[in-house]
Amino acid sequence: MDLLDAFWAYERALAANDVAALDHWFMDAPDTLRAEGDTVLVGHAAIADFRRGRDGAPARVVERVHVVRPAPQVAVVTAETRRPDGTRGLQTQVWQHTDAGWRIAAAHVGAVPAPAPDDRPDPAVWRVAGPLVASTGKGPLVHVRLAVKDLFAVAGQRVGAGNPTWLAQARTEEAHAQALRRLLEAGAELTGIAQTDELAFSLAGTNVHYGAPVNPAAPGRITGGSSSGPAAAVARGWADLALATDTAGSIRVPASYCGLYGWRPTHGTTPAAGLLALASSFDTAGLLARDPALLRTAAEALLTAAGTPLPVTELVVDEDLVALAEPEVRASFKAACRALLPPVTTTATGVAEHLDDWFAAFRTVQAAEAWQQHGPWITAHPGALAPDVAARFDNGRRVAEAERAHAEQTLADARKVLDAVLAPGTGLLLPATSGPALRADAPPEEVEAVRVATLRLTCLASLAGLPAVVAPLLRVRSLPVGLCVLGGRGSDRALLDLTTGWRSPAHA
């Protein structure tokens, strides 16, 4: 049994209070240690006596696992956990490989208090802090804490779209957006409305009006956007799940920067009613979570069509596409791919040779649609947007009809090529972003350069309307970077099933 199989077997024994199994996994030695609070138990016998004298460990969910191997046959495993009351915890174990297999030589259990209620309404994360809607008490998402991006209608609230001028003029919504309603009907509780970059036209996660959310996975660095608030809420443990949008990467980029799982669905397979659009040809309603199994369960509540997924049986990598990422990302990506199942093969898809034309066409159509959607409001409210956001909309204003028509034809041709590359059962692996999150104080020119580099990776799923799932499997200088898998049209369930099996990023 390998290390992670042993770890999860120990976790199952802990959840079941199987004392005999727990004794089995701790090394039978006089110097085995278990520490919690100010108490240290020394020796296997003392630890076994302690377990027999209690009624079991408090219920908890393991949200993330980190593995470091300081020496041959030795591993340090740190698990991030959450209890039902919201308390976060850390469990660190030193595992040693013995003649009998992997065993725990030392363990430390620590709890981190949940944020105090008056600490929760961080204005850079929450526009409206809840809870706003209680759980129905039944369904697959019962009591799951949900953050919703401030683009979805919430009954009794206004859509703020990341801009105070927009918010001041918005009407109070009479009904929930359809995607939100589905998650609430599945049992989720709405814990708050989370901030977005202005009108969702950014990938940075910084908002001149409300500030930049803290990225707990990369302190001092941006969260990525435009689903910045939802990503920060989930990463900080203030929500379990986030309903967000992805037009050009606005779920995938924050997932990559914040060490989360993220899902951009096949275009049109999740409800758009009650969602403020940016560019409707590319807008999708998707999800962010720390737990891939929760992401899969919640996705089932959103998908509009039933179906049994054809499993992903072939994972391919195009090195010309991977070369778009920074060197350290490429190295981590290659290491991660070696540990994946099914085994990864290298294939020359030919996509890279078209990418410049496709990327230019995508940006043209996205900008044109964004101006068509919001141009009248922007014209009526000069100075309401940050200069960089306003410039992107102005690019759309300048797109001529003939230029747009040519770009739309280019995208139609691109979809045919990608549909052929991503045959049923095939997944294309990419780094989710060109690099880890930028420092929060990075100069504007660096932010824009990274934005363009990352868009070259994210635009493929967007321009073709394809599903993509990000898993936090890469590491660059201790910073998270996501591994993204693209699938053929409608293969959402298969991709989610696949990445749920990639549960532990031990090789990151």
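Here the structure is a predicted model, which is why all the values come from computation and not from measurement. Position 1 is the first residue of the sequence; numbering continues from there.
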Give a yes or no answer on whether the side chain of E189 reaches the backbone of P131 with a donor-acceptor pair at less than 3.5 Å. no

Thinking salt bridges, do D388 and R392 make one under a 4.0 Å N-O criterion? yes

With no hydrogens and no angle check, is any side-chain donor or acceptor of R127 less than 3.5 Å from a backbone partner on A161? no

Determine whether the side chains of Q373 and S280 contain a donor N or O and an acceptor N or O closer than 3.5 Å. no

Do you know which of V470, T499, L428 makes side chain to side chain contact (heavy atoms under 4.5 Å, CB included) with C484? V470

Can you tell me if D283 and T247 form a side-chain donor-acceptor pair at under 3.5 Å? yes

Could you go through V67 and L3, starting from their C-alpha distance and side-chain angles, then the distance that decides it, and tell me whether this counts as side-chain contact (heavy atoms from CB on, under 4.5 Å)? CA-CA 10 Å; V67 178; L3 172 65; 3.9 Å; yes

Pairs meeting criterion ring pair (Phe, Tyr, Trp, His ring centres under 6.0 Å) with involvement of residues 157-208, two or more places apart: W166-H374, W166-W377, F201-F393

Closer than 3.5 angstrom, by distance alone: can the side chain of N207 be matched with the main-chain N or O of G162 as a donor-acceptor pair? yes

Check: D197/S226 side-chain N/O donor and acceptor closer than 3.5 Å: no

Short question: side chain of R34, backbone of T39 - any donor-acceptor pair under 3.5 Å? no

Taking the side chain as every heavy atom from C-beta outward, state whether V40 and L33 have any atom pair closer than 4.5 Å. yes

Within this structure, what is the CG-CG distance for the pair L275 and L180, rounded to the nearest 0.5 Å? 11.0 Å

Using modelled atom types and a 3.5 Å cut-off, is there a donor and acceptor pairing between side-chain atoms of R264 and backbone atoms of A468? no

With side chain to side chain donor-acceptor pair (under 3.5 Å) as the test, would you mind laying out the steps for E185 and T136 before giving the verdict? CA-CA 7 Å; E185 288 175 348; T136 60; over 6 Å; no

Student check: side-chain heavy atoms of R236 and V214 closer than 4.5 Å: yes

Apply the test side chain to side chain donor-acceptor pair (under 3.5 Å) to residues T196 and D150: give CA-CA distance (whole Å), side-chain angles for both, the deciding distance (0.1 Å), then the verdict. CA-CA 6 Å; T196 176; D150 195 13; over 6 Å; no

Distance alone, cut at 3.5 Å: any donor-acceptor contact between the side chains of R252 and S462? yes

Just grab all the ring pair (Phe, Tyr, Trp, His ring centres under 6.0 Å) pairs involving residues 129-148, residues at least two apart or on different chains. none

Counting N and O atoms only, with roles assigned by atom type, does the side chain of T284 sit under 3.5 Å from a partner on the main chain of G286, one being a donor and the other an acceptor? no

pair Y210-V125: side-chain heavy atoms closer than 4.5 Å: no

Side chains of H108 and Q93 only: does a donor on one sit below 3.5 Å from an acceptor on the other? no

Give a yes-or-no answer on whether the side chains of T454 and T433 include a donor-acceptor pair shorter than 3.5 Å. no

Cation-aromatic face contact R51/F26, 6.0 Å, 45 degrees: yes

Indicate whether any N or O donor in one side chain lies under 3.5 Å from an N or O acceptor in the other, for T223 and S228. no

Can you check whether G249's main-chain N or O pairs, donor with acceptor, with T458's side chain at less than 3.5 Å? no

I'd like to know whether L438 forms a side-chain contact (heavy atoms from CB on, under 4.5 Å) with E446, so could you lay out the CA-CA distance, the side-chain angles of the two residues, the decisive distance to 0.1 Å, and finally the verdict. CA-CA 9 Å; L438 281 173; E446 184 178 1; 3.2 Å; yes

Just by distance, do the side chain of T269 and the backbone of P265 share a donor-acceptor pair under 3.5 Å? no

Under 3.5 Å: donor-acceptor pair, side chain of N215, backbone of Y257: yes

Could you check whether any side-chain heavy atom of R290 comes within less than 4.5 Å of a side-chain heavy atom of L260, counting everything from C-beta outward? yes

Does any N or O in the side chain of T500 come within less than 3.5 Å of the main-chain N or O of L496, such that one atom is a donor and the other an acceptor? yes

